[in-house]
Each structure stands twice: as structure tokens, then as C-alpha cells.
Q: 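Quick one: this structure, given as C-alpha cells, is what I'll be asking you about.
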Amino acid sequence: MKLNKNQKIASESSNKICCVLAGPGTGKTLTITAKILHLLNEGINPDEIAAITFTQKAAVEMKQRVINSLQKKENLPFIGTFHLLCLRLLREFLPEKEKHFQICTRAKQREIISSLNEKNIDKIIEKITKFKNTNTPFDEKTLIVYEKYEEKKKELNLFDFDDLLLKTLQLIKNKQIPPLFSYIIVDEFQDINKIQYELIKGLLKKEGSLSIFGDPDQAIYSFRGSEIDLFLNLPKDFPDLTLINLSLNYRSQANIIEASNKFITANTKRFSKRIEPTKEKKSLITLFEVEDEYEEAKTIIKEIKSRLGATDFTELYENKEETQYSFLSFAVLTRTNNQLKIIKDFLAKEGIPVKTIIKDPESWTSSFIKKLTETMYSQSKKLISNIPLFEFLQSSNIYNGLTDTEISMLNNMAKTYHNGKLIEQIQAFIDELSGLTPFDLFPENLNAVSLLTLHSAKGLEFPIVFIAGFDEGLIPYTISNTDIEEERRLFYVGMTRAMDDLILIHAKQRFINGKKMSLSVSSFLKDIPEEYIKIKKVRSTQTGPKQKGLF
DNA sequence: GTGGAGCACTTTTTT
DNA sequence: AGTGCTCCAC
């Protein structure tokens, strides 16, 4: 494992509390992995170590790297989410008659709330989770619903996701759970809320050591209770804090790094830090000024095609030229999900494959499972029972009527079921389907252009990144967010996803919530110094949704 | 189970 | 001044 100087210092630090500032593309996961391996190498008992993340995806990635390095899966430290850690602690430390609860999933939450004759179910769930995480008070009506919801949950012996953390914290405060770990590592610390902060403090042994990894400039989740001040106040809370800055960026060409460095200094709530590029300057950021959202989509298509080496439609699909890019190289980022729809339709109409994150996997999978099961079961009867599921899928006509995303995901999952009778495989497979997360429905290796919101692009990287809707009102989203610094961090996250080219698009007019709006370019433009960006005005040829082809 | 009225319209994770 | 949803009547 090859580490740079500060990565090495961070991975070997044995200080009481160490905070590692890990800007975009600076090798955070590598360094955390190295730290875990270093501790194990020093002979620390794995049970003394906990590496905590916010998402499964981050946990899986980290765990996989540790497994690959150690060449073993047993006797590993805890590497997982806050929720998994709390679930395990509750199963271990709750009194016998309380510990056999089940998880109250989103679907179950909806069921409970709707049984109380409430509408706006998701709004209510949102308010409840906000209350549990930040103590945001209820209005009178929601308070009553909340009390009934809690009652019902108790009756059914269910804990919701927030309860997992809250109950654990309660047990810690009652001294029913002792400090358990000598080494706690926290990933993405900028996303932390008060409850998670208390949990960490309560689980760390008195002589233990705490390592914090994160980047305050990428804090974009205040709307769900994360508090950037918990990060920024660390030096005050811990006067003996060691700060280490991972400053070398291995992702983006120099122009993108220098522009984003300058851009983010417009914020005041931050630690002063700079990222140094390791790659050379390649090209300027491009800003396209176009007429409307249709011209925006057309610009994206044109730029994709020119980079794939195609001058017309047929060449592209005959794959005549070898180019350094494929559809996988491109991502289009927007502030809202709404904006992605029209882009998706335009790209799809051009035959450009796209993939998006499915917001509601529960309802998606339920219809998908329905669609699959009928065909699978009816066909499986006709087949010899011991062929692997993957081959069964390929030999059947299940793929008819599925999208590329669905097929790719299906194949990925089916490959993991090699053994057992066919019916059992199908049953196991369907069980697994119901546990899907949004990212499972976003197959990484599917050769398609990624369409994402700025939020869901965090942690990812692409050679070519478009940020569409670089309009005042959308970026920053002043339509309903007054926290401009958080909006600036969100755009900073977007900028720093790009490896080679960053392309911004501003449309002079577009429909927002049914209204045709005239928009000026984002006020964030003035925070990017002129020398890093070139502006191209695209004159409208013909516009409108009725038009058939683009070439 | 469906069609039309009424309504809301930012971002999202967690077994 | 568009879209997608939820609800309710049928």
C-alpha cells in the first residue's frame, strides 16, 4: 500500500484524537484502510476497533479493501454503519425480553401512519425523523400522530432506524452499555449529528483513541440533521486535537482543482485549507449559455458525441473509432430530480444509454418482483431443476420488456447464485431483491451515461461532468433554501467530481414547476475567477419539445 | 382498478 | 401553467 507523507502520518497517528481533513480525491478511504491495517499490524485486538460509516456503500468498500489486504474474512474489526453497530449493541445489551424487536422499515412506517387515517404520509415520517434527530418541535397535529405511531410501534415490537441510535444512546447514558472500543474511526464526519456524536463519545474507552475523517467543505446534509459546527468546533472541544490535511488530489486536472479551491473560499464557515493538484492542467471549465432546457439537452448530446469521436449517429454505434471515453465516462448533475427527467428523455431519444438512481427502491422492487416472479415461476416448471439461475435467466424470455438497467442488475445478482435447486435460488434471489438500496439499482459497470442529482454524486468521479441548470434560483437553490454556504458546498462537490472536463450549462429560460421562467446565470459564476473558465454562447436554431431529431 | 379532481412542487441514508 | 402523486367515487 503506497501512501503519501500525510496519508502515512494519518494512518499511523496514535494520538488521543486525530482529525484528518480529506478533501475530494485525496485518498481518504485508502488512508482509513491503511489505518485499520496498521492497528491490526500493531497487534491490537480487532474487537477493540470500530470503523463507522454513514452508508452501506462506504462500509462495503472499506471492508472489501481490508479483506483484500489481509486475505481473510474472519476476525475483522467492526466496519459498518452507525445503524448496524447500534443494532448489534441492542441485540447484545438490551434485557432479554426487549431484545427481540424487528426493524420498522419505511414501508411499515407508511403502513402505520396511513392506518391512523393520515395523508401526506412521507411528510409526517420526515417530521418524525427530524424530531428524533434534531428535536425540531412538532405542530400540535403531528404530535398526536407521533404519539400514536410510537404506541403502535411498541405494540408491534418494532424499532425504526432512528430508534436504533436513540435507544443505544439511552443504554449508554444508563451505563447499561460500557465504553467498548479503544480505537474508533469515523468516516465522513462532516455528516454527523448530535446523537451520533454522543454515541461515539460514549463508546470510546477513557484511554481510547478517536480518528475523524471528513471534509467540512463537503457537508451537504444539514436538512437531515447533520451539523457542520460539530466538525468546525472540534479544536474547541478537544484542545489537544491533531489536525492532518490530506492535500494532494489524485483525481482532477489542475484547472478544476485551482478553480474549486478559489470557489470555496467564498464560504466563511470552514477550515482554511487548500488542495494541490497532482495532474497537469488540461482544459478550462466551459460554460455554455443556451436558450432553454431543450437546447441544454442538445448541448449535452453534442458534447458527448464529439468526445466519443463520432460526427454522426451511425458512426457512434458502429464504434469505428477507438476513443479514450465511453458512455461510462459521462455524468450529468442537476440540483433537482425534476431536471433530470427531460435530459433523460432527450438522451434516450438519441439512443444514448442512461442510468439514474431510483429514489424509491421499495416501490420499484415490488413492481419489478411482481413482473419477474410470474415469468420465473411459470418458466421454471418447464426447465430441468438444477441449472444455475443465471443460465435460466439467459435462456428464458424474462429479459423482454426490461430496461438495460434492470437487465444489468439482474445479471449481477443472478451470478451470485450458482448453487442449489432452481426454485430455491429464485426464492433467495427474490429475498435479496427486496433488500435493494438505490445504489444497487445503479449498476456501476453498465455502459451508460450517469444522471444524478448533485447530492447523490457525492463520493463518485467521472472523466466528463456536466452540471446542468447553472441558473440563479436553481444553483444556489434560492427557491427554497436560504443557506447559501451549504449550496456553495454542494456545487463544490459537483465541480470536484470531474477528472478531465467540467462543463456548466446555463439556460436563459426554462419551466420550473409549470412556470416558464427567465433566468440569469448562477451568482456562483462570480466566485470562479475568469482565468479558469471560458464562456460559449449557443444561438438557438429551433427549439421546442415537438421537434423530432437532433441531427 | 381506474379516471378525474385536488394538491404540491429540494436535497436523502439507515437491517 | 406542467407533472405526478394521492384520494375517492364508481
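Atom set for the values below is all heavy atoms of this structure, side chains included, hydrogens, waters and symmetry mates excluded. Lettering of chains follows the sequences in order, A, B, ..., and the numbering in each one begins at 1. The model shown is predicted, which means the values in this text are computed figures rather than measured ones.
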Q: At 4.0 Å (heavy atoms only), tell me whether A/Phe54 reaches a base, stays on the sugar-phosphate, or touches nothing.
A: sugar-phosphate
Q: Give me the ring orientation class for A/Phe82 and A/Phe54: parallel if the planes are under 30° apart, tilted from 30 to 60°, perpendicular past 60°.
A: tilted
Q: Taking only side-chain nitrogens and oxygens of A/Asn193, does any of them come within less than 4.0 Å of OP1 or OP2 of B/dT13?
A: no
Q: Categorize A/Tyr221 for me: base, sugar-phosphate, or nothing, with a 4.0 angstrom heavy-atom threshold over every strand shown.
A: sugar-phosphate
Q: Only Watson-Crick and G-U wobble pairs, only distances under 3.5 Å, only runs of 3 or more: what stems does that leave for DNA chain C?
A: B:1-9 with C:2-10
Q: Kindly state which residues belonging to residues 146-168 of chain A come within less than 4.0 angstrom of DNA chain B, counting heavy atoms of the residue only, listed by number.
A: A/Phe161
Q: Return the minimal non-hydrogen interatomic distance between A/Ala498 and A/Val465, and the atom names on each side.
A: CA-CG2, 3.6 Å
Q: Closer than 4.0 angstrom, basic N to acidic O: yes or no for A/Glu461 and A/Arg251?
A: yes
Q: May I ask you to evaluate whether A/Lys132 reaches the phosphate of B/dT13, defined as a side-chain N or O under 4.0 Å from OP1 or OP2?
A: no
Q: Could you measure between the two C1' atoms, the one in C/dG4 and the one in B/dT13, and give it in whole Å?
A: 24 Å
Q: Scan the side chains in residues 19-32 of chain A for donor-acceptor partners under 3.5 Å anywhere in the protein, sequence neighbours excluded, and list what turns up.
A:
residue: A/Thr26; atom: OG1; partner: A/Gly23; partner atom: N; Å: 3.3
residue: A/Thr26; atom: OG1; partner: A/Gly23; partner atom: O; Å: 2.6
residue: A/Lys28; atom: NZ; partner: A/Asp187; partner atom: OD1; Å: 2.7
residue: A/Lys28; atom: NZ; partner: A/Glu188; partner atom: OE2; Å: 3.3
residue: A/Thr31; atom: OG1; partner: A/Gly27; partner atom: O; Å: 2.7

Q: For A/Lys516, answer base if it contacts any base atom (sugar-phosphate contacts may also be present), sugar-phosphate if it contacts only those atoms, and nothing otherwise; contact means non-hydrogen atoms under 4.0 Å.
A: nothing
Q: So where does chain A start and stop touching DNA chain C, 5' to 3', when the test is distance under 4.0 Å to a non-hydrogen atom?
A: C/dA1 to C/dC7
Q: In residues 474-483 of chain A, which ones come under 4.0 Å of DNA chain B, going by heavy atoms?
A: A/Tyr477, A/Ser480, A/Asn481
Q: Quick test of your reading of the model: are A/Arg224 and A/Asp191 salt-bridged, counting only N-O distances below 4.0 Å?
A: no
Q: Under 4.0 Å from any atom of DNA chain B, heavy atoms only: list the residues of residues 93-100 of chain A that qualify, in numerical order.
A: none
Q: Contact class for A/Lys123 (heavy atom, under 4.0 Å): base, sugar-phosphate, or nothing?
A: sugar-phosphate
